[in-house]
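In this text, all values refer to a predicted model and were calculated from it rather than measured experimentally.
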Amino acid sequence: LTVSRVFASKDIMWMRLLVLCVVALACVADARAVPGKAKASCRDPVCLYFRLMDLDHDGRLSRSELIQHFNAVDEGMGDKAAATGQLDDVIAAYDNDSDGLWSEAELRAATPTLPGGDLEGTDPQQIHVSFVDNPDEPSSLAASIMWVTGKPTATSTFRYGLSADDLSETLTGSTHTYTEGGWKGVIHQVHFTSWKPSVRYYYQVGDAAGNFSETYNFVAPPVAGTMPSAPHVFGVFGDMGTAIPWGYRVCEQMESDHTTQPFNALLHIGDIAYASTAMTAEVGEGGDGEIEAIWDIWARQVQPLAAYIPYVAGVGNHEKFWNYSSYLARFNNPAPWGGSPHQPDEAVFWFSFDYGLVHFTMMSTEHDYSPGSPQYEWLQNDLAKASANRAAVPWLVLTGHRPMYSSDVDEQYSHWPGCSFQKQIEPLMQQYGVDLYFAGHMHMYERIHPVLNGTVHGSGNVYTNPGAPVHVVQGTGGIFEDYKFVKPAPAWSANRQGKIGYGRMIVHNATHIFYEFLYVEGSRREDSFWLIKE
């Protein structure tokens, strides 16, 4: 059996056997270690990822092996990347000896910001901060600080203070784990409820007996509805992935940009790590086809961002494996989000929160949103409350992984005027005055003029009182570009391009928002627009 045939098959037993065989062979094979370092163990996520792609176990990745891997990640992705030259660009970027193949050492050398090392011991890693509800102050947010260790520790301790030299305050949290996909590790979490608005806190996580992390810091959110003394800045992107092809480069881009114009929060609009390796696995089938080591690689990749900047992660179609176990276990979000991966029908994947002058409503396009469904009822109530609170929080932003409008040929009639998503959700957007809709899913960028039912309500790139939401498809976070545009462009399509990068939303005040798409090369601005209320 070839890998592609097994991944296309519904014979779960054979696929499990294949994955176990590959892992076993990889772990006993000689490693091509980085010169001067000990051989990498297969508990090292980068090593494991490399060897799972190395189908003939020769210590080199060939073009055909990469094509097979990405075809398994998403049907036809490898073939499309090869046909468009993107795969050759990635191979060339990592291929230091120009032999057309990759060694593990070349992969590591090309991604120096991606930490290696085994998922063993008690050293904290994969640290990230996110938002949860604050039971002590329902009108504000609390922080959720999460990290991973290979083995349990006596405590899950968060020590913090107002300077890096004084971390005298401590909180202790809880741990949990999951075993789907054979993952072995401990996930720690602490909820920090007593922070003061707009104050910078310094912190470490870990355990006195099992080592603490280095010192990080983050800024607490402002009081909802308060005018910012400086603009609030949000990074927006979907569809990232890891070292292959360019997810790590988009992370590096945002790290660099954060030093000159700091982010207040990052919004990841689904399709997070791309750990999936079989798009045929459906919820209820057991979800086979996800490599858990890729989640570890991704979480290490984003730590230089997410340990400093609240990282808000919505759900996409590539999170569905193992009944969304990895996603539910590795993240926290405000209510009503959450639930057990072992009872997926009872889990909730939508939530909302206020940050300064913006109300963010993050729905799930992967779950039932038809009228009468639990998500629809929640969405209607949430948007109604947000609309009634506009005097305090004037901007209303809705996000979902899949677009409502896009001129990409792929899945065209799922994101075209008249599609079920548009017919069911757009009336709510119109009724409650949603200002912006952010999506990913399509591996490209597209700005949609203010639009209702396919009718355009604005032009140019300055929208003043448009009376309809602007849509942005920002599926540019690092996975292979995959697009073919409808020609000619529909009237509602303002700008569309296939480049890697991220979006930056700058909230200046209650009347002005500026948005720009920044290309990964030098953070060059590729498109921008103003949204103005008078």
Side-chain angles (χ1 to χ4, degrees), residues 236-239 267 269-271 314 316-317 360-366 369-371 375-376 379 383 395-463 465-477 481-499 501-503 505 513 515-517 526-531:
V236 181
F237 51 91
D239 305 82
L267 308 177
I269 316 298
D271 281 10
N317 55 299
F360 292 97
T361 299
M362 302 189 73
M363 68 175 293
S364 170
T365 57
E366 309 314 301
Y369 49 74
S370 62
Q375 180 173 197
Y376 184 92
L379 182 61
L383 294 179
W395 297 104
L396 207 171
V397 174
L398 176 65
T399 79
H401 178 59
R402 297 174 191 256
M404 186 176 294
Y405 291 89
S406 174
S407 62
D408 194 328
V409 170
D410 192 25
E411 302 178 14
Q412 178 180 346
Y413 295 104
S414 296
H415 45 69
W416 199 260
C419 71
S420 61
F421 184 29
Q422 180 255 319
K423 289 195 294 185
Q424 291 174 346
I425 300 302
E426 192 176 60
L428 294 180
M429 299 169 70
Q430 180 180 11
Q431 180 178 357
Y432 298 113
V434 170
D435 297 295
L436 284 162
Y437 177 73
F438 293 140
H441 193 59
M442 316 314 297
H443 299 173
M444 39 79 83
Y445 168 81
E446 188 165 16
R447 168 167 55 98
I448 310 300
H449 287 307
V451 63
L452 287 171
N453 197 28
T455 299
V456 177
H457 289 257
S459 61
N461 69 341
V462 178
Y463 306 122
N465 300 328
V470 178
H471 294 242
V472 177
V473 183
Q474 195 73 66
T476 60
E481 303 155 30
D482 180 12
Y483 60 92
K484 182 179 180 182
F485 293 127
V486 173
K487 295 182 179 180
W492 40 260
S493 180
N495 186 290
R496 53 187 189 174
Q497 40 190 304
K499 292 182 179 178
Y502 75 97
M505 181 176 75
I513 282 180
Y515 191 92
E516 56 187 342
F517 168 40
E526 295 293 329
D527 184 43
S528 65
F529 65 91
W530 283 93
L531 187 55

Answer yes if the ring centres of His449 and Tyr463 are under 6.0 angstrom apart, and no otherwise.
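Yes; Tyr463 has its ring centre under 6.0 Å from that of His449.
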List the atom of [X], the atom of [Y], and the distance in Å for their closest heavy-atom pair.
X      : Y      : answer
Val486 : Val409 : N-CG2, 3.9 Å
Arg402 : Asn317 : NH2-CB, 3.5 Å
Gly440 : Pro403 : O-CD, 3.6 Å
Pro490 : Trp416 : CG-CH2, 3.9 Å
Met444 : Ser406 : CE-OG, 4.0 Å
Asp435 : Trp395 : OD2-CA, 3.5 Å

Candidates Lys499, Arg496, Arg447 - the one meeting side-chain hydrogen bond (donor to acceptor under 3.5 Å, both in side chains) with Asp527: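 Single side-chain hydrogen bond (donor to acceptor under 3.5 Å, both in side chains) partner of Asp527 among Lys499, Arg496, Arg447: Arg447.
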message = Pair Ile269, Met362 - check side-chain contact (heavy atoms from CB on, under 4.5 Å), show working.
response = CA-CA 9 Å; Ile269 316 298; Met362 302 189 73; 4.1 Å; yes
Check whether [X] reaches the backbone of [Y] with its side chain - one donor and one acceptor, N or O, closer than 3.5 Å.
X      : Y      : value
Thr476 : Gly501 : yes
Tyr405 : Gly454 : yes
Asp408 : Asp410 : yes

In Å, rounded to the nearest 0.5 Å, how long is the span from [atom1] of [X] to [atom2] of [Y]?
X      : Y      : atom1 : atom2 : result
Gln474 : Tyr502 : CD    : OH    : 10.0 Å
His415 : Met404 : NE2   : CE    : 12.5 Å
Leu267 : Phe438 : CG    : CZ    : 7.5 Å
Leu436 : Thr399 : CG    : OG1   : 11.0 Å
Asn461 : Trp530 : CG    : CH2   : 10.5 Å
Leu452 : Glu426 : CG    : CD    : 5.0 Å

- Query: Would you call the rings of Tyr437 and Phe421 parallel, tilted or perpendicular if under 30° counts as parallel and over 60° as perpendicular?
  - Reply: perpendicular
- Can you say whether the rings of His441 and His401 are parallel (under 30°), tilted (30 to 60°) or perpendicular (over 60°)? perpendicular
Checklist line | Side chains of Pro417 and Val451 in contact at under 4.5 Å (non-hydrogen atoms) | finding: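 Pro417 does not reach Val451 side chain to side chain.
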- Note, Ile425 side chain near Tyr376 side chain (heavy atom, < 4.5 Å): yes
Exercise. Would Glu446 and Ser493 count as a side-chain hydrogen bond (donor to acceptor under 3.5 Å, both in side chains) if you check the C-alpha gap in whole Å, the side-chain angles of each, and the deciding distance to 0.1 Å?
Worked result: CA-CA 7 Å; Glu446 188 165 16; Ser493 180; 2.5 Å; yes
Q: Check step by step if side-chain contact (heavy atoms from CB on, under 4.5 Å) holds for Asn495 and Phe529.
A: CA-CA 10 Å; Asn495 186 290; Phe529 65 91; over 6 Å; no
